[in-house]
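Okay, structure first, notes after.
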Amino acid sequence: MVGSQQTVPFDYVIFGATGDLTMRKLLPSLYNQLRLGHIPKDARIIGTARSSHTREEFIELAQQALERFVPDVNKRDSVVRHFLDKLDYVQLDGTDSNSNWTELREKLDQSPPDRVRVFYYSTAPQLFGAISENLSKHNLITEQSRVVLEKPIGTDSKTANEINESVCRFFDEHQIYRIDHYLGKETVQNIMALRFANPVINAIWSHEYIQSIQITAAETVGVEGRAGYYDKSGALRDMIQNHLLQILSFCAMEEPDVLDADAIRNAKLAVLTSLRPITGEAVRTETLRAQYTKGGIGDLPVSGYLEELGKPSNTETYAALRAYVDTPRWKGVPFYIRTLKRSKLKVSEVVITFKKRRHGLFDDHPRANKLVIRIQPDEGVDLTLNAKDPSSSGFTFQQLNLGSNFGTTDGSTIPDSYERLMLDVVRENPTLFIRRDEVEAAWKWVEPILNAWAENQVPMEHYVAGTRGPTAAKAFIHKTGDYWHENMQS
Ligand code: BG6
């Protein structure tokens, strides 16, 4: 994967430039990369949106966003000024071919014709096709153009295919970057490093030694201002179809022959297509869904999902699945995947529970070894071992926790996931982006579950906001002899 060198000059055109994602993530990420010296002098960022703003007004909005979303330690007045200078704005309805395309073209024409051009679609996915068509109609797609598609790519296989087709008519697959911001998280990438650069881990990475793998993404936030989107989506579509299945793929994949984008994506695809389908009766036994009810996070009282929404809903804010990867390496190993909103804690982690040793000297006592890969917060790893308790004369055991954080070697902070990904597009490095066949395979696998849930074949459980999920979760995982990792239990 590419290091953190400076990129070639580029023009970044953001559709949906006044939206929440642009303000919260995209502009702060580009700012930070500029601060670190990774963005060349003459790079430009052109925001477009339907709302009427002058360049100065857009700059003002951007400045407020940096003020709010860039951590104080990274704020430098001179860099902020330099960053704001790079910004421009064009009022444009991306779906209307008679909109202000000429102005956008005039601005882009100020750069040399071979300048890297990135079109970032931070809009509703239904608009991707129309924007692409208009870019093409107005001759804005050059050889050096790339397009970034934000999730969700569809709500099922059919709609995903329609969205992909609508963009593929105007861009070649190598120009299309489907973003999954979890792949920009350092610790997700570190799963590969931990597995393949450590013989001690690599040697035991199979059903022979691994009892189960748990992948959790728990958030304290609810649906915030996104209830309209979320209620049509739900936890399975919003988090599992993309982020968590990607993490599962990194955990389960075979070692790629080389460190290149296609080899890695082929290896992930092989996992996605080896997932045992959850269909028929299995949907009832291998899946769990729930909604949060009124509760509290810390001292803060929070409303239940339905109260927030203001109407009845059959959308889950919690989902847990038991998945199996049908390959020789993973024979019989359950992968538990769970995600929830309004959890007590914000924590994303992968927990590998190893099999207990049988028929050894100490086989009646100690606990299973565990490797915990902390994706966020406190990025790092923990390994638990059994050790003799020195205070006892016999073999009484205690658990040793060997933990370490993934600090950077130069003392810098771990970059936000978007920072890395936004510049990988400029560098033409698609390794951490999702290929079309991966999106399709993931939808194919989750679709039977979504359909069964839509038909209410699985009851909707409930959990109090500020807890770790429904009480049924315990029995769900017990069925295969496991426990949820204690970080979420405590
Ligand atoms: C997004 C989901 O993709 O990921 C959100 O749409 C969720 O619902 C977010 O809150 C979680 O991202 P992170 O980086 O905060 O774990």
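In this text, all values refer to a predicted model and were calculated from it rather than measured experimentally. When a ligand or atom number is given, it counts from 1 through the structure's own listing order. Values below: all heavy atoms of this structure, side chains included; hydrogens, waters and symmetry mates excluded.
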Residues forming a ring-ring contact (aromatic ring centres under 6.0 Å, His included) with [X], sequence neighbours excluded:
X	answer
F119	none
F171	none
Y336	W484

Short N-O contact, D378 and R374, less than 4.0 angstrom: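 No, this pair does not count.
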Under 3.5 Å: donor-acceptor pair, side chain of E438, backbone of R435: yes
Between D231 and Y305: side-chain donor-acceptor atoms closer than 3.5 Å: yes
Ligand 1: protein residues within heavy-atom distance under 4.0 Å: K151, H181, Y182, K185, E219, R226, D238, M239, H243, K341, K346, Q376
